[in-house]
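In what follows, a single structure is set out as structure tokens and then discussed.
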Amino acid sequence: MEHLVPAASWLMALAALVSAAACLGAWRAVPWQGRQSALVMAAGMLLLAVAPLEPLAALALGAVLLVSGMLGTAGVRGTAAAATCCHRALVSLVMAACAFQGAVAQTAGEAVTVAAQAAGEAVTAAAVADPVASVAGGAASDAMGAVASAVTGHAGHGLDGVLSVFVLVGGAGMVLWTVLSAWLAPSLHHGRTARLLATESWAMAAGVAAMCIAG
């Protein structure tokens, strides 16, 4: 799967551009709630595809996507665009969970690295001060490093595991929603507008699938 990650990142970027362009092309058929969701999601996909984000930046992106998802369904109940706006909101939630997952994984990894470095420095200092006691100190520091790694890893992977499940289930549900909507739901638009909205929907589905692979 590792060889698919670079291609998945490029597919995310391409899907983001296609989705945003299709949404802008169908401007009048998409309410402002849907437009802002589509544009924020496209920007988020581009950011995630270009390079890994720092934990703080990933948390900020996740928060923006959550707010965008909530705004995307505000005031659309009972309208013709309600289904597509809810579809975009689900994508925003999945992307937010993916951003939070990346932040948690990076934070846990950095904490383990810091603990290992501190243990190594303690062993070096002990060896310089008392070579005889360095063996015992090395064993103690290794044990402390292992405990710190286990504790931090357990806490990080616990939340990371929940977010991973949500991302996978949400991504699969969104792709299934896209497929069923294309087959079963009657189109409320015709001609160019219908084609643009269908392109946007499929581009979002492809982008989320690529995001699950890349993440």
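Hydrophobic clustering keeps Val18 apart from Val94 (ILVMFWY residues linked when any side-chain heavy atoms are closer than 4.5 Å, directly or through intermediates). Cluster annotation: Leu14 is not connected to Val40 through the hydrophobic network of ILVMFWY side chains, with a link wherever side-chain heavy atoms come within less than 4.5 Å. Criterion: ILVMFWY side-chain heavy atoms under 4.5 Å apart, direct or through other members. Under it, Val76 and Val91 are not part of a common hydrophobic cluster. No single ILVMFWY cluster, assembled from side-chain heavy atoms under 4.5 Å apart, contains both Leu24 and Met45. One hydrophobic cluster holds both Leu65 and Met174 under the rule that ILVMFWY side chains link at heavy-atom gaps under 4.5 Å.
Minimum heavy-atom separation, Gly171 to Val208: CA-CG1, 3.8 Å. Between Ala83 and Trp177, the shortest heavy-atom distance links the atoms O-CZ2, 3.6 Å.
Put simply, CG on Leu90 and OG on Ser37 are 11.5 Å apart, with the number rounded to the nearest 0.5 Å. In this structure, CG in Leu39 is found 9.0 Å from CE in Met41, a value given to the nearest 0.5 Å. Note that the CH2 atom of Trp27 and the CG atom of Leu196 stand 13.5 Å from one another [nearest 0.5 Å]. Put simply, CE on Met95 and CE on Met12 are 6.0 Å apart, with the number rounded to the nearest 0.5 Å. From Leu66, atom CG reaches atom CG of Leu71 across 11.0 Å, with rounding to the nearest 0.5 Å. For the atom pair Arg77 CZ and Cys85 SG, the distance stands at 14.5 Å (nearest 0.5 Å).
Judged as a ring-ring contact (aromatic ring centres under 6.0 Å, His included), and not counting sequence neighbours, Trp202 has no contacts. With sequence neighbours left out, Ala206 forms a side chain to side chain contact (heavy atoms under 4.5 Å, CB included) with no residue at all.
Side-chain N or O atoms of Ser19 include none that pairs as donor or acceptor with a backbone N or O of Ala15 at under 3.5 Å. With hydrogens and angles ignored, the 3.5 Å screen pairs a side-chain donor or acceptor of Gln33 with a backbone N or O of Ala74.
A 4.5 Å side-chain heavy-atom check between Leu46 and Leu17 finds at least one atom pair inside the cut-off. The shortest distance between side-chain heavy atoms of Ser181 and Ser201 does not fall below 4.5 Å.
Membership of the apolar cluster around Val30 extends to Leu197, as traced through chained side-chain contacts below 4.5 Å between ILVMFWY residues.
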